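Reviewing the structure listed below.
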Amino acid sequence: MHSTTYSDPTSLAVHTEGLGKRFGARAALDGVDLEVPRGVAFGFLGANGAGKTTLIRLLLGLAEPTTGHMRLLGHELPGGRAAALARVGAIIEEPRFHPHLTGRENLAVHAAARDRSAQARIGGALERVGLAARADDRVKGYSLGMRQRLGVARCLLADPELLILDEPMNGLDPAGILEMRGLIRELVGEGRTVLLSSHLLDEVEKTCDLAAIVDLGRVVAHGTIHELVRGGPRAIDIVCHDALDAARLLAAVPGVSRATDHEGSLRVTLGPEAPVDREIVSALLRRLLDHGVAVERVAAVAVSLEDRFLTMTTRLEDRI
Amino acid sequence: MPDLALISADLLKLRRRGGMVSLTLLGTLGVVALVFTVLAIQHAANPAKYGPAGGLENYRGAIETVGLLALIAGVIVGGTAGTQDIESGVFRDLAATGRSRTALFLSRAAGALAMVLPIVLVTAIATAAGSIALRADLAAPDAGTLAAGTALVLAAGALSTAVAVGVSAVVGSRGPVIGILLAFFLGISPLLEVIGLLGDSRQLVPDVALHRIGDLSTPAGVHVALGIAIAVVLGWIAVSLAAGAWRTKTREI
């Protein structure tokens, strides 16, 4: 599903075409086409080993692609890498720091590699992520959550147009997750683009405007969260007596692809040819009532991003 | 190219390693202070048996030892400077700023030199001061000898620091680099010097070049011109830094 296309690649925050990376015989990325517009939170979803971090490493120049082309903030890579990365802040895999330095000193070390204005942003960045009070403590005493926040502060030193955050919710407690979600939305509200790689599907659904799902090195779906969720099969849960008989009866209704027991109710999965909800629900109820099956409750199943993710990606057991 | 901000950042990373800084100071300045103190006490307690702690000959012996201490200090600081970004995982984030990896590597070398050279210079000055102040009735080292001794110490510090930064960028791990280079400078290099079969090629051995710069005779009596000795030291530094820069540039992280 590539629902939205952008004609001018220079207007995109990230644009890849046929991007591939092989490690020997194994393809970590295989012909990835990706378009991340500016000013949005973009989720990059995939199971462990799907290729998320490899893509990030290629974008940041930490590894070289085997095939394909990339553009970052309108700059063709690798030629325009320095200019592009000057306005990119990134956390790769997990935020790493010199443990013997304080949070403030770690930011100073990073700012030295940026332009001169980065040093002046250290105080503001620490304030923004709520670490000002602990800024002069050594990082070896920080929790994982504090290091995540210091990682975001480090990203902000570049006054970034694009932030690439790899699993930013890792190690955060529920309050920290809420804060991080708010911070990401705040950054997007300022016109920045956030590319968020995560396995926490619920977080991506709540935080991002668009997402891509990657599986075995390929992008298998790409669009707004709404489009991704909507693209999945519709389903209806029915609570009734004699669910086994009911399942047999409903499986024969045109438009039904499957009827199975699901946590005490009957889940009816509809095929793409099924009519609109009003008509199909009427048909299902009529079928049950005509055969003397008493119906207690009917509810449409809200399909989540997680459901879509699971239908589109390869299960672990299938990879072995 | 590296700028002052990058070099200052690398120096900060080294300065904040309290254990390493203490060890380096103790292993250089501390050793010199201890040796002169012990020799001075011995001389004061029994002048008939123990000569003065200073004087020209004592200076020559002391500065040769300080040269060895400078080699050790350079290996420890250079090995740390060359690997601390890689081992902590921070190098990936620094490279992701778009900054030239060569500049990042060269700033490590400059930062390490900025730490080692002042320490070994102060140690050389302390050695000279001790040799003059505690000479009693012995001849004091002349200006030429002092200059050669100081040059030896600075060359030893610069050589081992640069080689350690370069090799550690290639290897990527501090422990093995420090072990290998200490074995090279303290064991293998002096050993190569005495293998007569190697002939004039021994002029390329760092130990030979450093002795010549210090105007000290080598154990095996290998003769080398001062210009060649300086070129050998600069060659070792250049090759090590080039190897380290190449590996830093091509490393996938």
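Just so it is clear, the model here is predicted, and its values are computed rather than measured. Letters go in sequence order (proteins before strands), and every chain restarts at 1.
In terms of non-hydrogen atom pairs under 4.5 Å with chain B, the most contact-rich of G151(A), A83(A), A84(A), A112(A) is A112(A). The most heavy-atom pairs under 4.5 Å with chain B, out of E94(A), R81(A), R114(A), E64(A), come from R114(A). Chosen from D10(B), T250(B), T97(B), the residue pairing most often with chain A at heavy-atom distances under 4.5 Å is T97(B).
The two residues V109(A) and L12(B) come nearest to each other via the heavy atoms CG2-CD2, 4.2 Å. The heavy-atom pair separating A95(B) from L62(A) by the smallest distance is CB-CD2, 3.8 Å. Counting all heavy atoms, side chain and backbone alike, G98(B) lies closest to A82(A) at O-CB, 3.6 Å. Contact between D93(B) and R96(A) at its shortest, heavy atoms only, is OD2-O, 3.9 Å. Across all non-hydrogen atoms, the minimal contact from A113(A) to L104(B) is CB-CD2, 4.4 Å.
Considering only heavy atoms from C-beta on, M20(B) stays 4.5 Å or farther from H100(A) through its side chain.
For a residue to count as touching a neighbouring chain, one of its non-hydrogen atoms must lie under 4.5 Å from one of that chain's; by this rule R116(A) does not touch chain B. Heavy atoms closer than 4.5 Å to chain B are found nowhere in A158(A), neither backbone nor side chain. Only the side chain of L101(A) comes within contact range of chain B, judged by heavy atoms closer than 4.5 Å. Interface remark: R251(B) contributes backbone atoms only to the contact with chain A (heavy atom separation under 4.5 Å). If you measure heavy-atom distances from D85(B) to chain A, the contacts under 4.5 Å come from both the backbone and the side chain. With a 4.5 angstrom heavy-atom cutoff, R87(A) does not touch chain B via any of its atoms.
Distance CZ/R92(B) to CD/E93(A): 4.5 Å, rounded to 0.5 Å.
Close approach to chain A, defined as a heavy atom under 4.5 Å from one of its heavy atoms, is seen in no residue of residues 154-188 of chain B.
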